[in-house]
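Below you'll find the structure, written out as C-alpha cells, and then a few comments.
This structure is a prediction, so every number in the text was calculated from the model and none was measured.
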Amino acid sequence: MFKPRANPATAGSRCPLAPLSIDITLCMDQTMGGIEALRLAREISKVPDGTFTIAFYTYNRVKGEASPRLKVMQGCKARAQLPKDRFWIDSDNYFLFKDAQGNPKTAFRILIRYMGFPQDNFKLRKINWL
C-alpha cells in the first residue's frame, strides 16, 4: 500500500498544503460561490485594514500547465488593473490583488480554491466555480 512521506515543511501545520510559518484552518463544510467570494474580497479591500487570505494554483504560461501545489497568501487586498498589466486572454479570467508586502499579484479565477475573510477569522472556505 502506498504511504506518502511526511513533508518537513508542513509538519505541525493544520493545513497540509501550507508552509510551517502560516497557521491555516480549513472550513471544509463551508463553501462559497466564486463570484460571491471575489465580490466580498473587493468589498473588504475597501476598508483600511481589510485583508483576506487566498489559496490558488499558479499557472505557468510557458509550460501551459498549473502547479500541483496550492500557493497560500495572507494579508491580501484586491487591486485595480495597472497600466503595465497586459493579458493574453480576456482580463475577466484573472483576479488581481496585492500581497501583504504590497506587490501586485494575479491569479486565474478558476484556479482559486480557497479564500478566508476576517469575519470568519480567516478560516479558508472552499470556492465553487460551477
Side-chain angles (χ1 to χ4, degrees):
M1 183 151 116
F2 175 74
K3 240 184 179 178
R5 283 188 269 163
N7 183 350
T10 61
S13 178
R14 287 187 270 175
C15 176
L17 305 171
L20 186 60
S21 63
I22 299 176
D23 186 26
I24 302 259
T25 303
L26 289 175
C27 275
M28 295 304 286
D29 58 334
Q30 293 184 354
T31 60
M32 179 179 251
I35 302 300
E36 177 65 18
L38 298 183
R39 186 197 64 77
L40 185 57
R42 287 186 189 102
E43 290 297 320
I44 288 173
S45 296
K46 293 177 183 177
V47 178
D49 291 331
T51 62
F52 58 89
T53 300
I54 186 169
F56 61 97
Y57 292 104
T58 58
Y59 182 78
N60 185 329
R61 288 189 308 192
V62 174
K63 293 181 181 178
E65 63 186 24
S67 167
R69 291 183 53 98
L70 277 174
K71 184 172 189 173
V72 179
M73 302 184 85
Q74 293 180 315
C76 301
K77 286 182 148 302
R79 69 174 175 92
Q81 185 173 345
L82 299 173
K84 67 178 182 174
D85 287 336
R86 301 275 184 237
F87 300 114
W88 57 285
I89 59 173
D90 187 18
S91 62
D92 290 341
N93 293 310
Y94 297 102
F95 179 61
L96 307 172
F97 62 98
K98 295 184 284 188
D99 63 8
Q101 289 77 32
N103 300 319
K105 301 290 181 183
T106 304
F108 268 106
R109 290 167 63 162
I110 198 73
L111 296 178
I112 297 172
R113 291 296 181 257
Y114 301 96
M115 290 186 84
F117 301 102
Q119 68 267 23
D120 299 332
N121 201 21
F122 297 100
K123 291 182 181 177
L124 294 179
R125 292 182 176 196
K126 180 150 178 50
I127 304 299
N128 287 332
W129 290 102
L130 301 175

Phe95 versus Met115, closest heavy-atom pair with distance: CE2-CE, 4.4 Å

Euclidean distance, Phe97 CZ relative to Thr51 OG1, rounded to 0.5 Å: 12.5 Å

Interatomic distance, CG@Leu96 vs CZ@Arg42, rounded to 0.5 Å, equals 8.0 Å

Okay, side chain of Asn60, backbone of Val62: is any donor-acceptor separation there less than 3.5 Å? yes

Checking Glu65 now: which residues fulfil side chain to side chain contact (heavy atoms under 4.5 Å, CB included) with it, not counting sequence neighbours? Lys63

Identify the two heavy atoms, one from Leu111 and one from Tyr59, that lie closest to each other, and give their separation to 0.1 Å. CD1-CB, 3.8 Å

Test side chain to side chain contact (heavy atoms under 4.5 Å, CB included) applied to Arg125 and Leu40, step by step: CA-CA 13 Å; Arg125 292 182 176 196; Leu40 185 57; over 6 Å; no

Compare all side-chain heavy atoms of Glu36 with those of Asn128 and state whether any distance is below 4.5 angstrom. no

Any chance you could measure Ile112, atom CD1, to Ile127, atom CD1, to the nearest 0.5 Å? 7.5 Å

Which heavy atom of Ala78 sits nearest a heavy atom of Ser45, and at what distance? N-OG, 2.7 Å

Asn103 meets the side chain to side chain contact (heavy atoms under 4.5 Å, CB included) criterion, sequence neighbours left out, with Asp99, Gln101, Lys105

In Å, rounded to the nearest 0.5 Å, how long is the span from CZ of Phe52 to CD of Gln119? 12.5 Å

Exactly one candidate in Phe117, Phe122, Tyr114 meets side-chain contact (heavy atoms from CB on, under 4.5 Å) with Thr53; the answer is Phe122

For the atom pair CE (Met32) and CG (Leu124), what is the distance rounded to the nearest 0.5 Å? 12.0 Å

Is it true that a side-chain atom of Lys77 and a backbone atom of Asp49 form a donor plus acceptor pair closer than 3.5 Å? no

